[in-house]
Amino acid sequence: MSMFEDVTRALARQLNPGDDLTPIDSLFDLRCFSPLSLVLRKRKRTWFWGARYVCSNYTLLDVLEPGSSPSDPTDSGNFSFKNMLDVQVQGLVEVPKTVKVKETEGLSRSSTLEIQTLSVAPLALENLRKERKLSADHPFLKEMRERGENLYVVMEVVETLQEVTLERAGKANTNFSLPSFALLGLQGSVNHKEGVTIPKGCVLVYRVKQLMINGEDKWEIPHICNDSMKTFNPSEKPGEEKLVHTL
Amino acid sequence: TVPLGEMHKDFKTLKKEVQRETQEVEKLSPVGQSSLLTSLSHLLGKKKELQDLEQKLEGALRKGQEVTLEAHPKDALLSNDTMVAILYFLGALTELSEEQQKLLVKSLEKKILPVQLKLVENILEQNFLQDKEGVFPLQPDLLSSLGEEELILTEALVGLSGLEVQRSGPQYTWNPDTRHNLCALYAGLSLLHLLSRES
């Protein structure tokens, strides 16, 4: 497991024993899991190794019809949730704002993460739902509807407040040496990173809720979901293609 | 699927869950199982390709498309339940690092999967509900059948989950953060063990 994964998993476990916080696997996913991002669930869910989500590169706002309130983003480069949607920025209530991650697993003593939660404010979301319908012709939605995919919206994230470099304190989390790997013919295949720099504003863990679409353009994000719920009503699914895949 | 919040989370539940899914894979014909093992052996260690397969299979399942495994003399058609079970195991295998996946292939070649499965099962059985770190004794006979190279391989496999196995003792340090990865390793080992039994 990479050191970054070590950190995000430890954080998810520390903040949320209830297990509905999902840790980010890679720094490459940095931009994929912002509040209101649309994601797809990757696999059959099991608690034992957790659900994982795949980046769609779209946000909920991308698939809504343009609307005046909250104002339409014109410059996605300078996208600001605060201005647009009154996304609630709040410090952690039940856990300290600064969370020390895993002294015991070989991280150095100075390895602390300053984090904050960003969550979508329920009132702002409700207003958005009332004011902006889905853009039914959006190619992404069309594709997802055709494929019968379920879509999830990132509702809450925990992100870093400061750039931080985490380093192992001399002891790797594994107790075997690289020469041992050479013996196994796996030389060069193991990349033990001794440190990782996590930039400011990097999402580490996130929480999602399922997007439900009723008819062509009505949407909602229910508080309680279960596995039998489908984002798209199956009866609206167009004729299924009959293809044969060979593995 | 039991809603996450309501599930009783212990090793017994995991064991049952894995058993249920292996039973589905077991329904595949022997040639189908052998073909699946060959495919997996080629894909393990290539996380991206394994994830692509996972996505393709999920897509096919959702669209009701047929999926067959190339096999001789006849391709094996996968039932929906078998596809779901394969997806379950692909989920577990992609949870492992590429290095762990490569070590699984090596272990397969060396036919030491049963020992490794027993080891991981034993560790999880003893510690699953432990939320604190601690040093635990390792049953001495668990690894006694392994030669030096196999021992290194096995130590590396669980070591990459974050679990430190010490030969002097022998013992290991349990770390609750390793639980997810060890559960995935347990499932992955169970599948590969099942598929390699005949060969």
Side-chain angles (χ1 to χ4, degrees), chain A residues 1-2 5-6 9-10 12-14 17-20 23 25 40-52 54 102 104-106 146-150 171-177 179-181 183-186 189-192 224-228 237 240-247, chain B residues 1 3-5 7 9 13-14 17 35-36 39 45 51 53-60 62-70 75 78 84 87-88 90-92 94-95 97-99 102-103 106 133 149 152-153 155-156 159-162 164-166 175-177 179-181 183-184 186-187:
Chain A
M1 222 185 300
S2 74
E5 277 177 288
D6 279 346
R9 280 164 202 233
R13 185 175 153 266
Q14 221 168 334
D19 289 312
D20 61 339
D25 286 337
L40 290 85
R41 194 158 74 197
K42 203 172 82 172
R43 69 178 75 128
K44 192 181 168 190
R45 179 162 70 162
T46 175
W47 174 83
F48 294 105
W49 46 88
R52 288 285 179 274
V54 184
K102 295 303 297 170
T104 47
E105 210 173 64
E146 257 174 44
R147 283 170 45 178
E149 295 278 1
N150 285 324
K171 185 183 100 178
N173 70 341
T174 48
N175 193 34
F176 45 88
S177 59
S180 309
F181 269 82
L183 266 180
L184 301 171
L186 288 169
S189 68
V190 177
N191 182 19
H192 283 286
I224 297 168
C225 289
N226 62 52
D227 277 359
S228 62
K237 210 167 138 186
E240 289 171 346
E241 335 151 48
K242 217 38 179 170
L243 284 179
V244 176
H245 293 274
T246 304
L247 297 183
Chain B
T1 313
L4 293 185
M7 197 170 72
K9 298 157 192 166
T13 316
L14 170 67
E17 193 178 286
S35 165
L36 181 59
S39 304
Q51 284 171 339
L53 171 67
E54 193 185 8
Q55 253 175 324
K56 207 174 264 185
L57 213 54
E58 269 190 6
R62 283 185 185 133
K63 288 184 192 172
Q65 295 169 343
E66 288 182 349
V67 176
T68 55
L69 282 167
E70 259 182 9
D75 289 355
L78 299 181
V84 170
L87 268 174
Y88 174 84
L90 284 177
T94 51
E95 186 71 15
S97 64
E98 286 193 348
E99 291 74 32
K102 285 176 191 165
L103 290 171
K106 279 267 171 197
E133 289 187 23
E149 197 179 332
I152 293 173
L153 222 155
E155 284 171 352
L160 285 165
S161 288
E164 204 176 283
V165 177
Q166 289 160 5
N175 176 351
D177 285 343
R179 189 165 31 214
H180 278 320
N181 194 281
C183 288
Y186 173 74

Point to revise | B:Glu98: partners by side-chain hydrogen bond (donor to acceptor under 3.5 Å, both in side chains), with sequence neighbours left out | key: none
Check your understanding: Which heavy atom of B:Glu17 sits nearest a heavy atom of A:Phe48, and at what distance?
Key -> OE1-CE1, 3.4 Å
Exercise for review: Indicate the atoms forming the closest heavy-atom contact of A:Arg41 with B:Glu58, along with that distance.
Suggested key: O-OE1, 3.7 Å
Review point. What are the two closest heavy atoms between B:Cys183 and A:Trp49, and how far apart are they?
Key: O-CZ3, 3.6 Å
